[in-house]
Amino acid sequence: TWSLTPTGTLPEGLQSFTATATDAAGNISNSSANFTLTVDSTPLTAPVVTDIVDDVSPVTTSLTSGSYTNDTTPTFNGTGKVGSTVTIYDTDGTTALGSTTVGAGGTWTIAPTLTEGNHDLVIKATDPTGNSVTAAAPITLHVDTLPPPPPVVTSPTDQTGTLVSGTAEPGSTVIIKNSGGTVLGTAVADPGTGAFTVTLSPAQTTGLQLTAIAQDLAGNQSPGTPFSAVTSNALQPPTIEVFDDVTPNTSNLTSGQST
């Protein structure tokens, strides 16, 4: 047997070695087969999630730990050590939901498939030498693809035509629309009782058909609950509309704007 220690420091990257034997008479053997190894002295860093994209309507947005979503395949984007492998594990820490190699730019993307319910996602990086490191904390996502039940609307009795009350799934957002789909008002149902009161603008006093919809935290929307607005001759408070007609910016103004 024989051993040899290189006299200098090997550079980073792929290295290829061959060996020859020389006898006492100076005869040199043929070269051995190539022996390759990769020198990697760059420390492995924990993977970092830079964005989680929910692209399932009606609410498309970036997610953070603790978010509710109706997207069963949200897209995770992040950064890590080039060439390392990033894997997303489910709550048990052993079920791999997706894996990829960090690209030359130091970025990675994984779109894991998530089942209905809560997930504490563990993100781990490993390098070719077998080192591994886990992100500091799991990312919690609540997957909910089931729509809430339709809200129950109490027949409007407010003669000003500005208030609609009822009950809906606790914590959901109740949306009131007219027959043309225009949103007239929204309110969040009480987290405990589900009671809500929506203020309508403009007031609805001619008995027109309206619709109430409940939207849960994940963005799922219930079937609509149709109901009729009040019919009333009650005096309504005036509305103020202001138009800026001086160029270069001419437009309708809202309260608080400058002109």
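FYI, side chains are in, hydrogens and waters are out, and symmetry mates aren't considered; it's all heavy atoms of this structure. No experiment lies behind these values; they were computed from the predicted model shown. Quick note: residue numbers are just sequence positions, from 1.
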Worksheet item: Closest heavy-atom contact between A212 and V153?
Response: CB-CG2, 3.6 Å

Worksheet item: Using a distance-only test with no angle check, is there a side-chain donor-acceptor pair under 3.5 angstrom linking T162 and T160?
Response: yes

Item to complete: For residues D54 and V59, determine if any side-chain heavy atom of one lies less than 4.5 Å from a side-chain heavy atom of the other.
Response: no

Worksheet item: Do the side-chain N and O atoms of T60 and D55 include a donor-acceptor pair separated by under 3.5 angstrom?
Response: no

Worksheet item: In terms of heavy-atom contacts, does CG of N30 have more than 12 from other residues, nucleotides or ligands at under 6.0 Å?
Response: no

Worksheet item: Any side-chain heavy atom of I213 sitting closer than 4.5 Å to one from K177?
Response: yes

Worksheet item: Which pair of non-hydrogen atoms, one from I123 and one from V49, has the smallest distance, and what is that distance?
Response: CD1-CG2, 3.3 Å

Worksheet item: Looking at CG of L114 and OG1 of T73, how far apart are the two atoms once the value is rounded to the nearest 0.5 Å?
Response: 8.0 Å

Worksheet item: Minimum heavy-atom separation for A189 to E169, with atom names?
Response: CB-O, 3.6 Å

Worksheet item: Side-chain donor-acceptor pair under 3.5 Å between T87 and S99, yes or no?
Response: yes

Response to the item:
On a heavy-atom basis, the closest approach of D245 and T250 is C-CG2, 3.6 Å

Item to complete: Establish whether V86 and I52 are linked, either directly or via other cluster members, by ILVMFWY side-chain heavy-atom contacts under 4.5 Å.
Response: yes

Item to complete: Classify the side-chain pair N70/T145 by whether it contains a donor and acceptor separated by less than 3.5 Å.
Response: no

Response to the item:
Closest non-hydrogen atoms of T205 and G161, given as atom of the first, atom of the second and distance, are CG2-CA, 4.0 Å

Worksheet entry | Atom pair OG1 (T38) and CG (L14), whose distance is rounded to the nearest 0.5 Å | 5.0 Å

Practice prompt. Report yes or no: do V102 and Y89 belong to one cluster of Ile/Leu/Val/Met/Phe/Trp/Tyr joined by side chain heavy-atom distances under 4.5 Å?
Written response: no

Worksheet item: Does any donor atom in the side chain of T129 or D127 lie under 3.5 Å from an acceptor atom in the other side chain?
Response: yes

Fill in: D190 backbone acceptor or donor facing T193 side chain under 3.5 Å
no

Worksheet entry | Closest non-hydrogen atom pair, S65 against P138 | OG-O, 4.0 Å

Worksheet entry | Crowding at CZ, F243 (>12 non-hydrogen neighbours, <6.0 Å) | yes

Worksheet item: If we only count heavy atoms from C-beta on, is the P148 to S222 side-chain gap below 4.5 Å?
Response: yes

Discussion item. The test is side-chain contact (heavy atoms from CB on, under 4.5 Å); show your working for T186 and V174 and say whether it passes.
Written reply: CA-CA 5 Å; T186 65; V174 178; over 6 Å; no

Worksheet item: If you count the non-hydrogen atoms of other residues, nucleotides and ligands that lie under 6.0 Å from CG in D92, is the total more than 12?
Response: yes

Worksheet item: What's the spacing between N27 CG and T20 OG1 if we round to 0.5 Å?
Response: 12.0 Å

Worksheet item: Is P74 close to V53 at the side-chain level, that is, under 4.5 Å between some pair of heavy atoms?
Response: no

Item to complete: Report the distance from atom OG of S67 to atom CD1 of I139, rounding to the nearest 0.5 Å.
Response: 10.0 Å

Discussion item. I'd like to know if the side chain of T126 and the backbone of N131 have a donor-acceptor N/O pair within less than 3.5 Å.
Written reply: no

Worksheet item: L10 and F35: same hydrophobic cluster, using ILVMFWY side-chain contacts below 4.5 Å?
Response: yes

Item to complete: Enter the distance from T211:OG1 to I176:CD1 here, rounded to the nearest 0.5 Å.
Response: 8.5 Å

Worksheet item: Under a 4.5 Å side-chain heavy-atom rule over Ile, Leu, Val, Met, Phe, Trp and Tyr, are F227 and V152 clustered together?
Response: no

Discussion item. Which residues pass the ring pair (Phe, Tyr, Trp, His ring centres under 6.0 Å) test with Y68, not counting sequence neighbours?
Written reply: H142

Worksheet entry | N/O donor-acceptor pair under 3.5 Å between D90 side chain and L97 backbone | no

Worksheet item: Is there side-chain contact between S132 and K124, with at least one heavy-atom pair below 4.5 Å?
Response: yes

Worksheet item: In terms of side-chain heavy atoms, does N34 have a donor or acceptor partner in T18 at a distance below 3.5 Å?
Response: no

Fill in: Stepwise side chain to side chain donor-acceptor pair (under 3.5 Å) test for T259 and D244
CA-CA 7 Å; T259 180; D244 178 345; 2.5 Å; yes

Worksheet item: Yes or no on side-chain contact (heavy atoms from CB on, under 4.5 Å) for I175 and Q221, after CA distance, side-chain angles and deciding distance?
Response: CA-CA 10 Å; I175 305 167; Q221 291 188 345; 4.2 Å; yes

Fill in: T69/V143 under side-chain contact (heavy atoms from CB on, under 4.5 Å): CA gap, chis, key distance, verdict
CA-CA 5 Å; T69 178; V143 178; 4.2 Å; yes

Practice prompt. Look at the side chain of T91 and the backbone N and O of D120, then say whether any donor-acceptor pair between them is shorter than 3.5 Å.
Written response: yes

Worksheet item: Do the side chains of T173 and F196 get nearer than 4.5 Å, heavy atoms only?
Response: no

Practice prompt. With rounding to the nearest 0.5 Å, note down the distance linking CG in D144 to CG in L217.
Written response: 8.5 Å

Practice prompt. Decide whether N77 and T109 meet the rule of one side-chain donor and one side-chain acceptor closer than 3.5 Å.
Written response: yes

Worksheet entry | Worked check of side-chain contact (heavy atoms from CB on, under 4.5 Å) between Q204 and L184 | CA-CA 9 Å; Q204 303 294 300; L184 303 175; 3.7 Å; yes

Item to complete: Give a yes or no answer on whether the side chain of T247 reaches the backbone of N249 with a donor-acceptor pair at less than 3.5 Å.
Response: no

Discussion item. With a 3.5 Å distance limit and no angle check, can you tell me whether W108 reaches the backbone of T101 through a side-chain donor-acceptor pair?
Written reply: no

Discussion item. Testing the 3.5 Å rule here: is there a donor-acceptor pair between the side chains of T36 and Q15?
Written reply: no

Worksheet item: Do Q209 and N178 have side chains that get closer than 4.5 Å, going by heavy atoms?
Response: no

